[in-house]
Amino acid sequence: MRFGVGSRTVGRGGRSLGGGLVVAVAGCLAGALTACGAGGGHGAVKPTASGAGAGASSAVAARGGTIGAPGSACRLPVTFALAKNWKPESTVPDSTGSTSSPASTGSTGSTAPDDDLAAEIADALLHQGPVTAVCEVDAKPAGHIGFLRVWTGEPGAADARSVLASFVGAEKGAAHATYRTFTTGGLSGTEVEYRVTSEILEETKTERALAVTTPDGPVVVHLGGLDDEEHRAMLPAYELAKSTLRVTAH
């Protein structure tokens, strides 16, 4: 079963992927593509030996809702608990398949060339390595600037470590990746902590992700954040998601 194809979203770190597609992409076209979170390109990533500590926080956030199951905000190959007040939103197109704004068409109903380009860039930003963004969980209602994002891929032979390495390698500016394995709820996976440098913002910050494989394909759960302070503040939400991760029952 395919759990997510395409999206109406753009952005990374503290910028929402949901809604405002044309406006967000216009900012990228103005020369801030990296700041908008382009996932293309290959950073100089130097992974350390598997099993090395990734510095993950052991604190777990207070539990709110759950996503992943049919009927939840995001249907996924896995389910996991959300931190209290974090707001989930699917980034999969609606049933019509349309992701364009009403303002993106002229009086004749045709799509403007600039909007076609915006949609093309948006589509590129939503794919990172072998996976596609299908859900984001906004931390702003809980007082933080950042997102927990879920990416899914097609079923195949790749293991969690390979999927995660490809995901990190496809993020421009990524380096100093430290991998380790984990188990939870009958699942075995790999997680990574790495540093990302933005050439435009001239800042470096920590990001974290985990990957597991399921019968419906690989799943990557990623935690970014506006900066290192916000990232550390959101780690308990990431730990809650990891500790409650389960394969979705069919």
key: Residue pair Y179, V168: steps toward the side chain to side chain contact (heavy atoms under 4.5 Å, CB included) verdict   = CA-CA 11 Å; Y179 294 87; V168 175; 3.9 Å; yes
Donor-acceptor check, side chain of [X] to backbone of [Y], threshold 3.5 angstrom: yes or no?
| X | Y | value |
| --- | --- | --- |
| T181 | G189 | no |
| T190 | A160 | no |
| E239 | V60 | no |
| S166 | S162 | yes |
| E136 | E89 | no |
| T79 | T248 | no |

Using side-chain heavy atoms (C-beta onward) and a distance below 4.5 Å, is [X] in contact with [Y]?
| X | Y | answer |
| --- | --- | --- |
| T152 | P77 | yes |
| L164 | L210 | no |
| V220 | V150 | no |
| F147 | K140 | yes |

For [X], side chain to side chain contact (heavy atoms under 4.5 Å, CB included) partners two or more places apart:
| X | result |
| --- | --- |
| S188 | T183 |
| A142 | N85, W86, H144 |
| E229 | D227, R232 |
| P88 | I67, A73, L82, V137 |

Intermediate values then yes/no, salt bridge (charged side-chain N to carboxylate O under 4.0 Å, His left out), K205 and E207 = CA-CA 7 Å; K205 62 189 180 76; E207 296 191 4; 2.8 Å; yes
query = Do K242 and F182 meet the cation-pi criteria used here (NZ or CZ under 6.0 Å from the six-membered ring centre, within 45° of the axis)?
reply =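 Because its charged atom sits under 6.0 Å from the ring centre and within 45° of the axis, K242 does stack over F182.
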message = Can you see whether Y194 has R208 sitting over its ring - NZ or CZ less than 6.0 Å from the centre and within 45° of the normal?
response =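 R208 over Y194 ring: no.
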Of the non-hydrogen atoms in [X] and [Y], which two are nearest, and what is the gap between them?
| X | Y | result |
| --- | --- | --- |
| P218 | V131 | CG-CG1, 4.5 Å |
| P215 | V247 | CD-CG1, 4.5 Å |
| W151 | L126 | CZ3-O, 3.3 Å |
| G68 | S72 | N-OG, 3.0 Å |
| T244 | T184 | N-OG1, 4.3 Å |
| A241 | L148 | CB-CD2, 3.9 Å |

request  = Would you give the length of the straight line joining atom CG of D216 to atom CG of L76, rounded to the nearest 0.5 angstrom?
outcome  =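 Spacing of CG (D216) from CG (L76) equals 10.5 Å.
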task = Nearest 0.5 Å please: distance from the OG1 atom of T204 over to the NE2 atom of H176.
result =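 Between T204 OG1 and H176 NE2, I get 8.0 Å after rounding to 0.5 Å.
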Partners meeting side chain to side chain donor-acceptor pair (under 3.5 Å) with T66 (sequence neighbours left out) =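 Partners of T66 under the side chain to side chain donor-acceptor pair (under 3.5 Å) test: none.
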message = Is there a side chain to side chain contact (heavy atoms under 4.5 Å, CB included) between L235 and L223? Walk through the geometry before answering.
response = CA-CA 8 Å; L235 281 179; L223 178 69; 3.9 Å; yes
request  = Walk me through it: do C74 and S90 pass the test side chain to side chain contact (heavy atoms under 4.5 Å, CB included)?
outcome  = CA-CA 5 Å; C74 301; S90 173; 4.1 Å; yes
task = Report the C-alpha separation of E191 and R180 in whole Å, then their side-chain angles, then the decisive distance to 0.1 Å, and conclude whether the side chain to side chain contact (heavy atoms under 4.5 Å, CB included) test is met.
result = CA-CA 6 Å; E191 65 177 324; R180 70 175 182 183; 2.8 Å; yes
inquiry  = For D159, is there an ion pair with R161 - N to carboxylate O distance below 4.0 angstrom?
reply    =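 Not counted as a salt bridge, because no side-chain N and carboxylate O are separated by less than 4.0 Å.
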key: T206 and H231: side chain donor to acceptor below 3.5 Å   =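 Judged by distance alone, the side chains do not pair up.
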key: For R195, all residues meeting salt bridge (Lys or Arg N to Asp or Glu O under 4.0 Å), sequence neighbours excluded   =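 Scan of R195 (salt bridge (Lys or Arg N to Asp or Glu O under 4.0 Å), adjacent residues dropped) gives D228.
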